[in-house]
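Protein chains get the first letters and strands the later ones, always in sequence-line order, with residue 1 at the start of each. Bear in mind the structure is a predicted one, so any value in this text is a computation, not a measurement.
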Protein chains: 2
Amino acid sequence: MNPTFDDELRCEVTTVHRELVEQTRQKMPAEEKLYDLAELFKVFGDSTRIKIIWALFESEMCVCDIAALLNMSQSAISHQLRVLKQARLVKPRRDGKNMYYSLDDEHIEAIFYQGIKHINE
Amino acid sequence: MNPTFDDELRCEVTTVHRELVEQTRQKMPAEEKLYDLAELFKVFGDSTRIKIIWALFESEMCVCDIAALLNMSQSAISHQLRVLKQARLVKPRRDGKNMYYSLDDEHIEAIFYQGIKHINE
DNA sequence: TGAACATATGAATAGCTGTTCATGTATAAG
DNA sequence: CTTATACATGAACAGCTATTCATATGTTCA
């Protein structure tokens, strides 16, 4: 069942550029893609996670190293590592009692680099 | 006053790689930079704002166009445009009763492109 | 000037998020 | 087997956020 024209262009006010809106609607990526993109950036949108990732640019680290580096509790770091792992941004490696985490994506640096360029303007 | 060695390496557990932690600490950007970076990504971390930005890749649009395109209220869009404006990601242009918004940053596309590459893996 | 339109904004609220605390699980060593 | 260590995890809670609702501001036109 197609939505009606009114459904697609509902707006409290009346000055809508119908053609532009229709064209843009058709060029937009699937709703799900845009949602996933927002979810990815949401993961980057926390300074603790940003710090963890930046630390891992340097080297893989165990949980306790990261906790000491950021002066935060082991539990807090572990929770955040789980978020990063679920987003497939870091991956764990067990060595005895320690879990070593490292970056699992080659795009992160490019994303951060562009972000830095923006905030430096 | 320098913090003590204990202050810098506090961790509930004991296996800390002191040298690595110290080296990494010195290579980390200033706390404020990392905070600002997180704030920037936080702006991208909402699907409504992602959709607005994506729409503006196509063309500048007035508030009502965007509201119609996303089938959301004018007020909701206006609030989000304010967030984007404060982050210096969009800029407004008045034409009569309408406010036209357009992108105000050339890094956004590169950031989104890398993000898309990650979620497509 | 007054009415209609387009947008902005403050208050309120429901839903989400990051940390802490307590506790569970996995590994190593004696 | 027991203990200690390193990490994970569930519950709880405080703080934040995105939307709605009501209303204000700014612009055009008659």
Exercise. In whole angstrom, what separates A:Lys85's NZ from D:dT9's C1'?
Worked result: 11 Å

Problem set entry | Selection from D:dC7, C:dG18, D:dT20 that lies nearest to any side-chain heavy atom of A:Met99 | D:dC7

Exercise. For the side chain of A:Lys97, counting heavy atoms from C-beta on, which of C:dT9, C:dA28, D:dT20 is nearest?
Worked result: C:dA28

For this session: Remember a base hit wins even if backbone is also touched, and classify A:Tyr100 as base, sugar-phosphate or nothing at under 4.0 Å, heavy atoms.
Result: nothing

Exercise. Distance check: side-chain N/O of A:Arg94 vs OP1/OP2 of D:dC7, anything under 4.0 Å?
Worked result: no

Exercise. Within this structure, what is the NE2-to-P distance between B:His17 and D:dT5, rounded to whole angstrom?
Worked result: 16 Å

Seminar exercise, completed: Whole-Å distance, B:Asp46 CG to D:dC16 P, equals 17 Å

Exercise. Rounded to whole angstrom units, what separation is found between the CG atom of B:Asn71 and the P atom of D:dT20?
Worked result: 10 Å

Exercise. Judged by atom type as modelled, is there a donor-acceptor pair below 3.5 Å linking the side chain of A:His118 to the main-chain atoms of B:Ala87?
Worked result: yes

Exercise. Rounded to whole angstrom units, what separation is found between the CD atom of B:Gln86 and the P atom of D:dA18?
Worked result: 12 Å

For this session: Looking only at non-hydrogen atoms, find the nearest pair between B:Ile52 and B:Leu84 and report the distance.
Result: CG2-CD1, 3.8 Å

For this session: Could you say whether the aromatic ring of B:His79 and the base of D:dT19 stack, counting only centre distances under 5.5 Å and plane angles under 30°?
Result: no

Exercise. Does C:dT7 have OP1 or OP2 sitting under 4.0 Å from an N or O in the side chain of B:Ser78?
Worked result: no

Exercise. For the base of D:dC21, is there a side-chain donor-acceptor partner from B:Ser75 under 3.5 Å away?
Worked result: yes

Problem set entry | Spacing of B:Glu39 atom CD relative to D:dC16 atom C1', expressed in whole Å | 11 Å

Problem set entry | B:Arg49 side-chain N/O to D:dA18 phosphate OP1/OP2 under 4.0 Å | yes

Exercise. Which residue pairs satisfy the side chain to side chain donor-acceptor pair (under 3.5 Å) criterion with at least one member in residues 82-93 of chain B, sequence neighbours excluded?
Worked result: B:Glu60-B:Arg93

Exercise. The side chain of B:Cys64 lies closest to which of these nucleotides: C:dT7, D:dC7, D:dA18?
Worked result: C:dT7

Exercise. What side chain to side chain donor-acceptor pair (under 3.5 Å) pairs are there with at least one residue in residues 43-53 of chain A, not counting sequence neighbours?
Worked result: A:Arg49-A:Gln80, A:Lys51-B:Glu31

Seminar exercise, completed: Comparing A:Gly45 with B:Pro92, nearest DNA chain C nucleotide closer to 5' gives the residue B:Pro92

Exercise. D:dA11 P sits how many Å from A:Arg82 CZ, rounded?
Worked result: 11 Å

Exercise. Any side-chain N or O of A:Asn98 less than 4.0 Å from the OP1 or OP2 oxygen of C:dT27?
Worked result: no

For this session: Using atom types as modelled and distance alone, determine if a side-chain donor or acceptor of A:Thr24 lies under 3.5 Å from a backbone N or O of A:Leu20.
Result: yes

For this session: Determine: side-chain N/O of A:Thr48 to OP1/OP2 of C:dT19, distance under 4.0 Å, yes or no.
Result: yes

Problem set entry | Separation of D:dT9 P from A:Gln74 CD (nearest whole Å) | 11 Å

